[in-house]
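Scroll down for the structure; my scribbles are underneath it.
The analysis underlying the following values was restricted to heavy atoms, covering all of them including side chains, and did not include hydrogens, waters or symmetry mates. Just so we're on the same page: letters track the sequence lines, and every chain starts at 1.
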Number of protein chains: 2
Amino acid sequence: MFSKFLNLSKDKQDRIINAALREFALKGYQNASTNEIVKQAGISKGLLFHYFNNKKDLYLFLFDYFIEMLMEEIHAHIDWDQRDIFIKYRNVAILKFGLFQKYPNAFEFIKRVYPEDSSEVKPDLENRKKEFLNKGYKDLFGDIDLTPFKEGIDIEKAVNIIYWTMEGFAYRLQAQTASVPVSQIQLEDIIAELDVYSEMLRHSFYQ
Amino acid sequence: MFSKFLNLSKDKQDRIINAALREFALKGYQNASTNEIVKQAGISKGLLFHYFNNKKDLYLFLFDYFIEMLMEEIHAHIDWDQRDIFIKYRNVAILKFGLFQKYPNAFEFIKRVYPEDSSEVKPDLENRKKEFLNKGYKDLFGDIDLTPFKEGIDIEKAVNIIYWTMEGFAYRLQAQTASVPVSQIQLEDIIAELDVYSEMLRHSFYQ
DNA sequence: TCAGTATTGACCAATGCGGTCAAGAGAATT
DNA sequence: AATTCTCTTGACCGCATTGGTCAATACTGA
């Protein structure tokens with residue numbers, strides 16, 4: 001189906017993918033403009049429609065492409081026997097960081113798929129969403145080890161605080177990253193800072 | 001300037017304001033459609049342009065309207081001598097909840113004003129933003145009492161965790177609220193739950 | 001030189017945009 | 001009942017942009 005596109009040079013593929021991701025992430029399906037995409041990608045109008053034969057197919061291709069990539073990355077890097085919530089979040093953070101370097105708008109894109117309600121793509125999305133997204137996260141954080149938590153603590157709320165802290169940290173990082181060349185950002189520094197937060201929360205909620 | 005509009009019935013004012021807020025919050029200045037606004041508000045096209053003579057004026061009116069309302073609410077309900085971070089967040093939460101009931105899209109709208117880069121409104125926004133928004137938040141949380149924090153703790157990070165927890169809680173609440181009639185939501189229940197989070201974090205980070 | 005593929009961008013009909021305005025609807029005044 | 005006045009309508013305007021097409025060109029390797 002998209003084999004013609006996948007035979008392009010990696011560089012050109014990424015330019016097109018990033019331009020399209022950005023546009024859809026920014027404006028949603030309906031208001032995204034294919035003209036804007038080709039302009040940002042530095043290709044001609046005809047080429048885009050040569051590879052993806054219409055706007056809808058392009059959109060769904062992006063979705064499938066990233067779900068598949070996310071799945072692969074997860075299965076390649078996550079230790080499924082690990083049940084400690086902090087270590088799991090740490091691994092997920094590393095993974096997300098790698099993907100974010102390559103495709104800065106992928107997470108924004110995925111986030112906007114949820115509330116997408118354009119009738120043109122909604123039915124196709126519904127099937128895909130149920131199949132993958134919810135399941136993915138539940139598999140990851142469904143069987144956390146609860147035994148190390150302090151007695152008497154409200155574990156559900158503690159888990160929420162941990163989640164919000166990790167998300168807040170990632171979100172702030174994302175905002176900073178937007179204004180700084182990606183190459184200058186050191187994964188080690190970020191993980192080190194994240195570990196401090198982990199340690200504080202571990203100290204708060206673990207025995 | 002907008003006296004004609006402000007003489008309308010409160011109900012009609014709110015319908016128009018909410019429709020416009022929602023549209024601008026969802027799509028940003030450039031992609032927001034006045035046709036969509038009048039459709040959602042249940043008024044005719046001509047009427048909107050009768051009250052606000054063009055799109056730009058409508059947008060800036062909304063901004064000014066909410067900044068002013070926010071300021072008034074803050075000055076009416078915030079105890080400026082209070083320096084405890086948890087009590088301050090509690091008060092802000094109560095305040096935000098009240099506003100959110102009336103104008104569910106106001107905060108999304110304000111949030112989208114920051115990165116707004118449409119050349120048509122940018123110059124007008126720059127002046128207003130500097131004057132109000134940053135200042136507002138800094139005044140609120142600029143002189144937190146740091147003495148109750150445990151010795152040896154990284155206070156900056158602790159404050160971040162508190163902030164992310166409060167934001168995360170508010171965000172999740174907002175998502176829930178979207179699918180439930182507003183009248184059924186009890187402020188007391190929400191504050192009670194928020195107090196549990198506060199207590200957990202207070203116990204973690206205070207002496 | 002030539003066949004075959006990759007790429008271009010002017011062009012199309014359709015849609016939606018911000019904004020206008022003559023005319024209608026309703027209420028108040030005479 | 002007639003008149004005046006304000007509120008409100010929605011068809012209409014010129015224009016920009018949309019998703020998508022396709023004949024023409026550039027590029028490639030033989």
**Q.** Criterion ring-ring contact (aromatic ring centres under 6.0 Å, His included) against F141(A), the qualifying member of W80(A), Y163(A), Y89(A), F86(A)
**A.** Y89(A)

Q: Apply the side-chain contact (heavy atoms from CB on, under 4.5 Å) test between I85(B) and each candidate in L201(B), I162(B), D145(B), L146(B); give the one that qualifies.
A: I162(B)

(Q) Is Y51(A) close enough to dT7(C) that one of its side-chain N or O atoms is under 4.0 Å from OP1 or OP2 there? (A) yes

Length of the [atom1]-[atom2] vector between [X] and [N], whole Å:
X: L48(B); N: dG10(D); atom1: CG; atom2: P; answer: 14 Å
X: I43(A); N: dT8(C); atom1: CD1; atom2: P; answer: 7 Å
X: H50(B); N: dA23(C); atom1: NE2; atom2: C1'; answer: 15 Å

Q. Do D11(B) and R15(B) sit within salt-bridge range, that is, some charged N less than 4.0 Å from a carboxylate O?
A. yes

Q. Should the pair D143(B)-R83(B) be classified as a salt bridge under the 4.0 Å nitrogen-to-oxygen rule?
A. yes

Q) Counting any heavy atom closer than 4.0 Å, what does I37(A) reach on the DNA or RNA strands: base, sugar-phosphate only, or nothing? A) nothing

Q) Do R128(A) and D64(A) pass the salt bridge (charged side-chain N to carboxylate O under 4.0 Å, His left out) test, and can you show the C-alpha distance, the side-chain angles, and the key distance before you say yes or no? A) CA-CA 8 Å; R128(A) 288 167 163 83; D64(A) 291 338; 2.8 Å; yes

(Q) One character per nucleotide, please: for nucleotides 13-30 of chain D, 5' to 3', B when the base has a protein heavy atom closer than 4.0 Å, S when only the sugar-phosphate does, - otherwise. (A) -----BBBBB--------

Q.
Parallel, tilted or perpendicular, judged at 30° and 60°: which one describes the rings of F52(A) and F5(A)?
A. tilted

